Asker: 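This is the structure I have questions about; it appears just below.
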Protein chains: 2
Amino acid sequence: METIPYQHDEVTPVAASTITIKDVAALAGVSVATASRVLSGHPATSPDARASVAAAVTELDYRPNAQARALRSTRSDSIGLLVSDVRNPFFADLAHTVEQAALAAGYVTLLGNANERKEQQDRYLDTLISRRVDGIIVAPLGDGSGSIRQLITREIPTVFVDRTVDGLDIPSVTTDSEAGIRQAVQHLAAAGHTRIGYISGPQATSTGRDRFAAFTRAVADSGLSQDPELVYFGDYQAASGSAGVHALLQLNHPPTALLAADSLMAVGAIAILHKLGRRIGTDIALIAFDDIEWFALLNPALSVITHSVEDMGRIAVDMLLQVIDGAQPESVVLPSELIVRASSSSNPTSPASVTSQRTN
Amino acid sequence: METIPYQHDEVTPVAASTITIKDVAALAGVSVATASRVLSGHPATSPDARASVAAAVTELDYRPNAQARALRSTRSDSIGLLVSDVRNPFFADLAHTVEQAALAAGYVTLLGNANERKEQQDRYLDTLISRRVDGIIVAPLGDGSGSIRQLITREIPTVFVDRTVDGLDIPSVTTDSEAGIRQAVQHLAAAGHTRIGYISGPQATSTGRDRFAAFTRAVADSGLSQDPELVYFGDYQAASGSAGVHALLQLNHPPTALLAADSLMAVGAIAILHKLGRRIGTDIALIAFDDIEWFALLNPALSVITHSVEDMGRIAVDMLLQVIDGAQPESVVLPSELIVRASSSSNPTSPASVTSQRTN
DNA sequence: CGTTTCCATGGAAACGATTCCATACCAACA
DNA sequence: TGTTGGTATGGAATCGTTTCCATGGAAACG
C-alpha cells in the first residue's frame with residue numbers, strides 16, 4: 001500500500017525526540033519550578049508566567065511524562081479494571097461503562113482480562129499493583145489466596161464488582177440473583193415444569209455459588225424435583241453451555257426446561273439445541289441469566305433474568321473514587337428481574353421432551 | 001454484608017506501606033545496584049547475591065515500582081490498544097486477541113475506547129503518549145489531523161489495525177473487503193435481486209469508504225441498480241442500522257435485499273425488521289459484514305462476510321513488536337469471504353417487498 | 001612474581017516531574 | 001522609616017529505579 005510520507009505542511013517542532021519541562025521552562029524564561037506550578041494550576045503564579053509557559057508549551061508541543069509525575073506525586077490518575085472475560089458481552093458492557101465513568105472523573109482505565117483463570121488474574125493484579133494504579137475494580141475469581149490478598153495488605157483502594165471473595169473485607173457492587181432466579185423458577189413451575197435443568201457457573205466464583213444456591217432454594221420452595229442430576233457445572237464459557245445441554249438431555253428423565261447461569265453458556269446451549277433439532281420455546285423452555293441486547297432478536301426471543309450493567313459500572317467507579325478519597329462506602333446490591341419472552345413459553349407436555357433421546 | 005477482617009494466618013510483612021529496592025538491598029546485605037542487577041537478570045551477579053536478594057524479595061514481598069523503572073529505562077513494557085467501540089463484538093474479540101498475544105510477549109495492554117468519536121480518540125492518544133507506552137495499536141478514525149499526527153512526529157511505534165488513515169505512512173493490518181462484498185453482491189444478483197440496499201459505515205473511516213467503494217463497483221459490474229437512494233450512511237452503531245432500514249424501506253422502490261457494513265448496524269437492522277414484521281430471508285434478504293459467533297444462531301441464520309479477527313490481532317501485535325525493534329514491516333491485507341446462510345435465501349418476488357409500505 | 005584480564009560490587013548520576021524552603025520584591029501598616 | 005505580610009520565584013531535594021564508572025580482588029597469563 002503506497003502512502004505519501006508525512007509532509008511538513010505546517011510549522012512543526014524539529015525532531016523533538018523528548019521534550020521535558022526543562023525545555024519549556026527555558027523557552028518561557030522561567031524556572032522549572034514555576035513551569036511546573038503553571039502546568040499543575042498552582043495558584044501562586046503570575047499572569048506573565050502563565051502566559052509565557054502556555055506559549056512555550058504549545059510551541060514545543062510538550063506532553064508531560066506521566067511516569068515521572070506519578071513517581072513524585074504518588075498518583076497515577078489511572079485505575080485498573082480486571083474482568084473475567086472481555087468477550088462476554090456483560091463484561092464488555094461493564095468495561096465500556098466503567099471506562100466512560102472513569103474518564104469523566106479524570107482517570108484512564110487499564111483493562112485486564114483474567115480469562116476466567118486464576119493465574120492470569122494474579123498476573124494482572126501484580127502488574128496493576130506494580131504500575132501503582134490509584135485503585136482497582138475487579139470481578140474476582142477464586143478464594144482469597146494468591147495476589148488478591150495484597151489488595152488488603154498493601155491497602156490498595158479496591159472495589160469488587162459482580163462477584164466477591166469470601167472473607168475479604170472489600171466493598172462490592174453485586175446483583176441479588178435470588179429474586180430473578182426465584183421468579184424464573186416460579187414462572188416455569190406455573191407452566192407445569194417439574195424438572196428444571198440448571199447449567200451452573202463455576203463454584204469458584206461467588207456468582208456461581210449464589211445463583212446455584214438461589215436455584216436450589218427456589219426449586220425446593222416450589223416443590224419441584226431436586227434431582228442433583230439436573231445440575232450441570234459449567235465454567236461461564238460457551239462450550240460448557242453446549243456440554244451442559246448435551247449431558248442433561250441424556251438423562252433418563254431429562255428436564256423440560258433449562259436455566260443457564262450466564263449469557264455465554266446460554267449461547268452454547270442454544271447452538272447445540274439448534275443442532276439437535278430441539279425447538280426452543282416449543283420442545284424445551286430456556287431462560288438465561290444476563291440480558292444481552294440481541295437476545296431479544298432471537299427467534300424465539302430469549303427469556304432472561306436482567307440486571308443493570310450500567311448501574312453496576314457507574315456505582316463501582318463511584319465507590320472506588322470514595323475509597324481512594326479514604327472513605328469506606330457500603331456495599332451495594334442491585335436487583336435482578338425476570339423478563340418473560342417466547343423461549344420459556346413451552347410446557348412440559350410437548351412431545352419431544354417426554355422421551356429421552358440419545359444423541360452423540 | 002458482614003465479613004471477617006483479614007487474619008494473619010501466615011507470616012506476612014508488617015504494614016509495608018512502601019517497600020523499595022533499598023529495603024531489599026539492606027536486608028540482603030548488598031548495594032542497591034547489585035539488587036537491581038539481580039532483579040533485572042544482569043549476568044554480572046554472583047550466586048550468593050542472587051540467593052540473598054531472592055530471599056529478601058520473597059520475605060518482604062517486594063514489587064518493583066513500574067513507574068520508576070520506566071522513567072529510568074524508557075521502556076514501560078506496555079502497549080496501548082485504541083479501539084473504536086469495546087461493545088462491538090468484533091473489537092471485543094480483537095481486544096482479547098491482542099491482549100493475549102501481548103501478554104505472551106511480556107507486555108500489558110492499556111485499552112482505550114474511542115467510542116467512534118474523534119475527540120475521545122485524541123484524548124486517549126494523548127494519554128497513551130503521556131504514559132510513554134512502548135507502542136500503540138489503533139483502529140483509527142478521521143483524517144490525519146489532531147493527536148494522531150504525533151504518532152509520526154514523536155516517532156512512536158504504531159500499527160493501524162482494521163482501518164487506516166490516508167497520507168500517514170504507518171504499517172497496518174486490514175481486511176480486503178472487496179472480495180467478500182463482491183461475492184455477496186453477486187450472490188444476491190444471482191438470486192434475482194436488482195435493488196440492493198446498502199447500510200454504509202461512516203465515510204470518516206477507511207473501512208467505511210473502502211466497503212462503500214467495493215459495493216459501488218460490485219453493483220455496477222453486476223449491472224444492478226446504482227440508485228444513490230439505496231445507500232444509507234450510518235455510524236457503525238446499532239441505532240443507525242435501524243434508521244437505515246427505516247429510511248430504505250420508505251423509498252418508492254425499496255430494496256429487496258440489504259447489506260450492512262458491520263455487525264452492530266446489522267443488529268439494529270434485524271431489530272427493526274422484526275418490529276416491522278418483515279421476515280428476514282423471506283420478505284427481504286440480509287447480509288452483514290463481520291462474523292459474530294451467535295449470528296449463526298439467529299433464525300434464520302445470518303449470512304455474513306467473514307474475516308479473521310484472531311489473525312488480525314495476532315499479526316498486529318507481531319508487527320508492533322517489529323516496529324518497536326526498529327524494523328519496518330510491510331502492511332498486511334487479510335482476505336474476506338462470504339458465508340451463505342438462510343437470511344439471504346429470499347428472492348425479490350416475495351410479496352411483502354414489492355409494494356412500498358409506509359411505516360412511522 | 002608481576003602484569004593483565006575479568007568479574008562482582010558499590011557509589012553516584014541520571015530519568016522528569018513535584019514540592020519544600022529560602023529569598024526577593026512590593027504593598028501596607030504603625 | 002522600619003516592620004510585617006503576602007506573593008511570585010528559583011534552587012535543590014526527592015520519588016524508586018537503572019546504569020555508568022571506578023574499584024578491588026581473584027584468576028590467568030607471561
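Values in this document were obtained by computation on a predicted structure and should not be read as measured data. Note on naming: letters A, B, ... go to the chains in the order of the sequence lines (proteins, then strands), and numbering restarts at 1 for each one.
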Asker: Just the rounded figure in Å: distance from C1' of D:dG16 to CZ of B:R69.
Answerer: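 In whole Å, D:dG16 C1' and B:R69 CZ are 11 Å from each other.
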
Asker: Determine, for B:R314 against B:D311, whether the closest basic-nitrogen to carboxylate-oxygen distance falls under 4.0 angstrom.
Answerer: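 Yes, this pair counts.
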
Asker: Whole angstroms only, please: what is the CZ-P distance between B:R72 and C:dC15?
Answerer: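 So the CZ-P distance, B:R72 to C:dC15, works out to 7 Å.
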
Asker: Using heavy-atom distances to pick each residue's nearest nucleotide on DNA chain D, tell me which of B:T34 and B:Q67 is more 5'.
Answerer: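 By nearest-heavy-atom nucleotide position, the 5'-most residue is B:Q67.
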
Asker: Rounded off to whole Å, could you give me the CG-to-P distance for the B:D77 and D:dT18 pair?
Answerer: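 Atom CG in B:D77 sits about 11 Å away from atom P in D:dT18.
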
Asker: For B:N65 and B:R69, what are the C-alpha separation, side-chain angles and deciding distance, and is it a side-chain contact (heavy atoms from CB on, under 4.5 Å)?
Answerer: CA-CA 6 Å; B:N65 182 324; B:R69 182 202 297 262; over 6 Å; no

Asker: With DNA chain C as reference, determine whether B:T74 or B:T45 sits nearer its 5' end, using the nearest nucleotide of each.
Answerer: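 It is B:T45, whose closest nucleotide lies nearer the 5' terminus.
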
Asker: What is the distance from CG of B:D23 to C1' of D:dC15, rounded to the nearest Å?
Answerer: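 To the nearest whole Å, that distance equals 14 Å.
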
Asker: Side chains of B:R163 and B:S84: donor-acceptor distance under 3.5 Å anywhere?
Answerer: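 Their side chains do contain a donor-acceptor pair, which is all the 3.5 Å distance test asks for.
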
Asker: Would you say A:S46 reaches D:dA8's phosphate, i.e. side-chain N/O to OP1/OP2 under 4.0 Å?
Answerer: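 For D:dA8, OP1/OP2 do not have a side-chain N/O of A:S46 under 4.0 Å.
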
Asker: Under 4.0 Å between any heavy atoms, over every strand shown, what does A:S36 touch: base, sugar-phosphate, or nothing? Just pick one.
Answerer: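 Result for A:S36 = base.
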
Asker: Taking for each residue the nucleotide of DNA chain C bearing the nearest heavy atom, is the 5' side occupied by A:A68 or by B:V30?
Answerer: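 The residue whose closest nucleotide sits nearer the 5' end is B:V30.
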
Asker: Can you identify which nucleotide, out of D:dA12, C:dG16, D:dT17, has its nearest atom closest to the B:Y62 side chain?
Answerer: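 Ranking D:dA12, C:dG16, D:dT17 by closest atom to the B:Y62 side chain puts D:dT17 first.
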
Asker: Between B:L71 (CG) and C:dC15 (P), how many Å, whole number?
Answerer: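 Going from B:L71 (CG) to C:dC15 (P), I get 9 Å.
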
Asker: Can you tell me the distance, in whole Å, between the CZ atom of A:R37 and the P atom of C:dA17?
Answerer: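 From A:R37 CZ to C:dA17 P: 16 Å.
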
Asker: Give the rounded distance in Å between these two atoms: CG of A:L39 and P of D:dT9.
Answerer: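 Interatomic distance, CG of A:L39 to P of D:dT9: 13 Å.
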
Asker: Could you identify the nucleotide paired to D:dG30, looking across every strand shown and requiring Watson-Crick or G-U wobble geometry with both distances under 3.5 Å?
Answerer: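 The base-pairing partner of D:dG30, which may sit in any strand shown, is C:dC1.
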
Asker: Walk me through whether B:L94 and B:V161 qualify under side-chain contact (heavy atoms from CB on, under 4.5 Å).
Answerer: CA-CA 9 Å; B:L94 185 69; B:V161 73; 3.9 Å; yes

Asker: Please determine, for the side chain of A:I21, which listed nucleotide (D:dA12, C:dA14, C:dA17) has the closest atom?
Answerer: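 Shortest atom-to-atom distance from the side chain points to C:dA17.
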
Asker: Could you give me the CA-CA distance, side-chain angles and deciding distance for A:D61 and A:R63, then say whether salt bridge (charged side-chain N to carboxylate O under 4.0 Å, His left out) is met?
Answerer: CA-CA 7 Å; A:D61 198 16; A:R63 307 287 152 126; 3.0 Å; yes

Asker: Starting from P on D:dG10, measure out to NE2 on A:H42 and report it in whole angstrom.
Answerer: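 After rounding, the gap between these two atoms is 14 Å.
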
Asker: Looking for any heavy atom pair under 4.0 Å, which part of the strands does A:A49 touch: base, sugar-phosphate only, or nothing?
Answerer: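 A:A49: backbone/sugar contact only, no base atoms under 4.0 Å.
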
Asker: Ignoring the backbone of B:N65, work out which of C:dT18, D:dG16, D:dG11 is nearest its side chain.
Answerer: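 From the listed options, D:dG16 comes nearest.
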
Asker: Where the side chain of A:T20 is concerned, which of C:dA12, D:dG10, C:dG16 is the nearest nucleotide?
Answerer: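 Closest nucleotide to the A:T20 side chain: C:dG16.
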
